[in-house]
Structures are given as structure tokens and as C-alpha cells.
Amino acid sequence: MDVLYFAWVRERIGIPREAVETQAGTVMDLVEELRGKEERYAAAFADISALRVAVDQQLTDFDAPLSGAREVAFFPPMTGG
Amino acid sequence: MRIVVQDAPFDFGAEAAAFADGRAVSGAVVTFTGIVRDVDGGLQAMEIEHYPGMTESALTDIAAEAMKRWSLEDALVIHRHGRLEVGEMIMMVATAARHRKDAFEAAEYLMDYLKSRAPFWKREVTADGADWVAARDEDEDALTRW
């Protein structure tokens with residue numbers, strides 16, 4: 001699936017998007033896998049209360065299932081308006 | 001209902017006039033415009049990042065909900081992204097309803113939701129560097145009144 005990063009999450013990880021091969025069942029499982037990859041991921045995902053997640057462009061929670069998901073995005077709380 | 005996400009400036013006067021023009025069912029049109037304001041230390045620019053695709057669908061969902069809740073005749077949301085200078089217009093909303101109370105409330109609802117539920121992220125550039133704008137608790141709390 002495609003994993004996207006925005007704002008300071010993108011800056012901390014260093015890339016805007018990547019293709020990830022994963023069997024993760026939930027968003028949190030995917031976060032655990034990413035944390036294990038490299039230090040920059042562990043730093044970006046250190047405090048998930050500071051993060052929001054969208055699965056297939058719909059806001060959701062970290063315990064949301066990933067079955068069939070094509071796109072997961074991680075970002076800080078939004079600041080539109 | 002119209003949703004526009006663009007980096008180019010928009011003509012607020014022309015948009016507001018076109019939105020209000022020819023209304024007969026609606027006795028009330030409310031518009032709100034957000035402008036880049038200066039900060040302590042002097043703002044050099046405001047940079048707005050967004051999530052193409054999700055931005056449009058989130059704004060459409062938010063506006064559709066406002067249309068339904070307040071029985072609006074029409075709603076307009078324009079939101080810019082990219083690099084903006086102090087004094088530039090960031091976004092506008094417009095609502096058309098039979099009565100002003102509904103038009104005002106729906107406009108406030110649109111503003112409250114697009115502040116914290118539409119995927120935009122602001123970064124302030126000053127002489128000291130650039131910093132992401134932190135989301136404010138009051139913006140999240142504002143959603144509970146709806």
C-alpha cells in the first residue's frame with residue numbers, strides 16, 4: 001500500500017510517500033512496523049497522540065483495520081481556515 | 001454547492017457577487033474570508049500544505065453536511081494552498097439560506113470544521129525560520145457545540 005506523510009511528519013521521515021509491503025491488520029500494527037524500520041520513523045511516531053491518520057482519504061483511528069486499504073496517511077492535527 | 005482548492009488568488013468581490021446573484025429562495029447570504037495576518041517578529045510568508053484528493057472530498061463532505069443541517073440553497077468553499085503573503089486572502093465560505101440565522105450558523109459550522117477536519121497544514125515563515133502552526137485546543141473544542 002502507499003503510505004503518505006504530511007507537514008512535520010513528512011519532514012521528520014524525509015519523504016512524502018512510499019510503497020510499503022505489509023501484512024499489518026490495523027493502523028497501529030503498521031505504526032509498529034514503521035517504528036522498527038529506522039530511527040527517523042521511531043522519532044516521527046514516538047507520540048501518536050500528536051498524530052492523525054487517514055485510511056483511503058478518510059479520517060479514522062489508530063485501531064482501524066487495514067484490510068483492503070490502498071492508501072494510509074499520517075499527519076499532525078490539521079490547521080485549515 | 002461548489003468546492004475550490006487552488007494555489008492562485010481568488011477575487012473575493014466577484015465570488016461573493018456571483019454567489020448572491022439571482023437568489024430568490026434565499027433571503028440571506030453570509031460570507032466569511034480568512035486573511036493572512038502578521039505575527040510578532042514579522043511574518044514573511046504563510047505556507048499551506050494540503051492532501052490533494054482528500055482535501056476536496058473532506059470539504060465536500062463538510063459542505064454537504066451544512067447544506068443538509070441548515071437546508072441551505074447553496075454553499076461555496078474556496079481554500080488556497082502554497083505560499084501566501086501577509087494580507088492575502090487564504091479562504092472564503094459563503095452560505096445562502098432562507099433566513100440569516102441559518103446562513104450565519106452554517107458559515108460558522110463550515111469554518112469550525114474546515115479548521116480542524118480538512119487536511120491543511122500551515123507553516124509560518126519569519127526571520128527566525130519556519131515553524132508549523134500548532135492546532136489549538138479551542139478549535140477542537142469548537143466542534144463539540146455542533
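All chains are named by letter (A, B, ...) in the order of the sequence lines, taking the proteins before the strands, and each is independently numbered beginning at 1. Here the structure is a predicted model, which means the values were calculated and not measured.
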Starting from [Y], can I reach [X] by hopping between I/L/V/M/F/W/Y residues whose side chains sit under 4.5 Å apart?
X	Y	result
B:V30	B:Y113	no
B:M46	B:V125	no
A:F74	A:M1	yes
B:V36	B:M92	no
B:I35	B:V93	no

Given a strict heavy-atom distance threshold of 4.5 Å, which part of [X] is in contact with chain A: side chain, backbone, both, or neither?
X	result
B:H50	backbone
B:I90	side chain
B:A134	backbone

Notebook entry, point to check: Which bit of A:R10 comes within less than 4.5 Å of chain B, counting heavy atoms only: side chain, backbone, both or neither?
Noted result: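 Side chain of A:R10 only, per the 4.5 Å heavy-atom cut-off to chain B.
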
Notebook entry, point to check: Side chain, backbone, both or neither: which part of A:A7 has a heavy atom under 4.5 Å from chain B?
Noted result: both

Take a 6.0 Å sphere around [atom1] of [X] and say whether it holds more than 12 heavy atoms from other residues, nucleotides or ligands.
X	atom1	result
B:R145	CZ	yes
A:R40	CZ	yes
A:K37	NZ	yes
B:F104	CZ	no

Is the backbone of [Y] close enough, under 3.5 Å, to the side chain of [X] for a donor and an acceptor to pair up by distance?
X	Y	answer
A:T79	B:A135	no
B:H79	A:G80	no
B:K115	A:M78	no

Next item on the list: Give, for atom CG of B:D61 and atom CD of A:Q57, the distance between the pair rounded to the nearest 0.5 Å.
Entry: 11.0 Å

Next item on the list: Side-chain contact test, heavy atoms from C-beta onward, threshold under 4.5 Å: evaluate it for A:W8 versus B:R123 and give yes or no.
Entry: no

Check: So do A:P76 and B:W132 actually touch side chain to side chain, heavy atoms under 4.5 Å?
Finding: no

Note to self: Over 60° means perpendicular and under 30° means parallel, so tell me whether B:Y51 and A:F75 are parallel, tilted or perpendicular.
What the structure shows: perpendicular

Check: At their closest point, which heavy atom of A:G81 faces which heavy atom of B:K122, and how far apart are they?
Finding: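 In terms of heavy atoms, the two residues are closest at O-NZ, 2.9 Å.
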
